[in-house]
Amino acid sequence: VKDYLVHAAVRLSCNYADLPFDAGKQEKTAQIVTERVSAALEKTGDAYAYLLPSGLSERKKNFLLDRRLLHADTVHSPYSVAYLRMDENACVQTALADHLSIATFSEEGDVQSCLKTAKHIRSLLSDESALAYDAEFGYLTAHPCDAGTGMRATLLMNLPAIYAKHELLGMIRSHEMKQCIIRSAGGDILLGRCGVYCIENRVSLGMRTAEIAEQLLNSANALVEKERELRAAAMNGKDMALNDFVWRAYGITTCAQMITQREALKLWSELTMGVSIGAYALDDKVLTGMWEAACGTITLNNVQTQEEANVARAQFIRSLF
Amino acid sequence: MICDYCGNASAGKYLRVIFGGKARHYCPQCALQFQRGDALAMQMTFLNVSDEKSGYDAEKICPECGMRFETLQKSGSLGCSGCYQAFRGELAYLMTRINGTACHVEEVREEPEELNEAEKQLFSLQGELAQAVSMENYERAAELRDEIKALTASGFGGNAS
């Protein structure tokens, strides 16, 4: 069952040197980019599926968004096309803010292997046509914040004890955390909603990609260490506040009549800790099912409105117990 | 509270960011924009126009795509790879503020023992450039940039793979 480090993803952004950075808005540029990517990927031994993000089912889209293989800005990019590798761990998306967005994913949280794969794909794509590159600024991107390595590495972390004990702010001030950005799992700015966080590299320029990844892992390790320490202190009913916290989650999960996707994520996080500190035992399929409900990858039948979806989601979750 | 970026007052939690030693407060909408990667555009807005160190020139235009610096300042997005050349000074200044350096470290230098003379020279020049930019010695930085450009034009350093 996923816990602590839930998964890792890496995204490399880059552009073709001879094209303007307007593929997200100009169909003609987007078409040239797509043709080049098709030609480059055809030469590789790997099989890629050609996807139009606008034509994907909600379930499939959520699955790919959860794995960060599709960019969150996809909905604003009408000409974007995605090439999904058949193992569903790598994807090349075209015509976003940048011409190319190479995304890789690791279920095991192996950020270094994600990086290796992403760099390999970037190298294949650059064989077809030169990428925009500058000796001083590195890979040139539409947003100057991404220039340099063009890399955004993300680790999704489950840290409910840190959340419940309000330890995050103290952690952010520590030396290890200065090199990363912490967001809530949904990507919004409010960190106080649940214990699932994304941590991302702060800088993309002035360091090698491997160094950035290593720095991110150091930050993740500091968080995991703190989370383990807090959970260890709550084992066998010792910390009543944390035990109450996880039992409340259990109560809501088994009784609630409506559960939103965001709430499902919060409950999943807290139940995972409940199992981890020995408050109760749950079958793996319960936590896996809850994770799927939280990511929106379950099928909710005969649902027309948001309210109906929340009712169906709660029903699905209750049925897991 | 009034948002330092859009100037509007709205309800919700404000994001506090320290920029240039001063605290700025963003309303929830602007904070979202800030976190989505438009940080540079927002920081540019806060730059003092008369700050000579920034090399700020709103009238500057990219000869390749015709983008004005003013447009970059508003949108946070560049129009083409030529913009990096056209607005090099301004971008170097801002990228140093964000990343602590404006100098990319090439992956090719992961194994320094295999460097040839030209690579070693480039390595050294890039190190000096990073130092010059961080010391805000832009004259020296410009000289170093020209030297790097000459070296890369001679066949090394422009390999984007």
Side-chain angles (χ1 to χ4, degrees), chain A residues 13-22 24-25 29 72-73 97-98 119 122-127 129-150 152 179 181-184 187-192 200 202-212, chain B residues 12-13 15 26 28 31-32 34-41 43-44 64-65 67 72 75-85 87-88 91-92 94-96 98-107 109-110 122 125-126 129-130 133 141 144-145 148-149 151-152 156-161:
Chain A
S13 302
C14 46
N15 291 280
Y16 286 119
D18 57 338
L19 297 174
F21 298 168
D22 61 357
K25 294 169 197 149
T29 314
D73 287 345
D98 292 302
K119 281 167 75 177
R122 181 167 68 184
S123 161
L124 293 172
L125 293 172
S126 69
D127 287 346
S129 193
L131 298 177
Y133 186 83
D134 180 275
E136 187 185 354
F137 291 138
Y139 287 94
L140 306 181
T141 53
H143 292 295
C145 302
D146 295 328
T149 58
R152 288 283 157 215
Q179 306 304 327
I181 297 168
I182 301 188
R183 303 171 196 266
S184 64
D188 54 26
I189 58 164
L190 300 174
L191 292 172
E200 241 180 53
R202 186 179 291 279
V203 301
S204 65
L205 183 71
M207 292 170 79
R208 294 184 192 98
T209 47
E211 287 171 340
I212 294 173
Chain B
K13 288 190 179 181
L15 179 70
Y26 299 101
L32 196 61
F34 181 87
Q35 296 221 333
R36 275 186 182 154
D38 295 340
L40 193 76
Q43 292 189 355
M44 283 171 146
E64 283 186 37
C65 68
M67 176 178 253
L72 164 64
S75 67
S77 297
L78 292 152
C80 67
S81 51
C83 291
Y84 277 91
Q85 187 61 38
F87 309 129
R88 190 168 282 272
L91 289 171
L94 287 155
M95 284 156 106
T96 306
I98 292 173
N99 294 294
T101 174
C103 192
H104 176 56
V105 180
E106 287 202 53
E107 301 286 326
R109 284 188 269 112
E110 275 174 358
L122 185 69
L125 287 173
Q126 286 185 331
L129 177 62
V133 173
L144 288 163
R145 261 198 304 269
I148 289 172
K149 206 187 289 178
L151 195 62
T152 49
F156 175 76
N159 181 20
S161 59

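Chain A is the first sequence line, chain B the second, and so forth, proteins listed ahead of strands; every chain is numbered from 1. All values derive from a computational prediction rather than experimental measurement.
Under the side-chain contact (heavy atoms from CB on, under 4.5 Å) criterion, B/R88 pairs with A/D134, A/E136, A/F137, B/Q85, B/R145, sequence neighbours left out. Scored by the salt bridge (Lys or Arg N to Asp or Glu O under 4.0 Å) test, A/E211 finds A/R208 as partners (sequence neighbours excluded).
Within the 4.5 Å cutoff, the side chain of B/S81 has heavy atoms near those of the A/F21 side chain. Between B/L78 and A/P144, some side-chain heavy-atom pair lies under the 4.5 Å cut-off.
With values rounded to the nearest 0.5 angstrom, B/C80 atom SG is found 11.0 Å from A/D18 atom CG.
Of the listed residues (A/A17, A/A142, A/P20), the greatest number of heavy-atom pairs within a distance under 4.5 Å of chain B belongs to A/A142.
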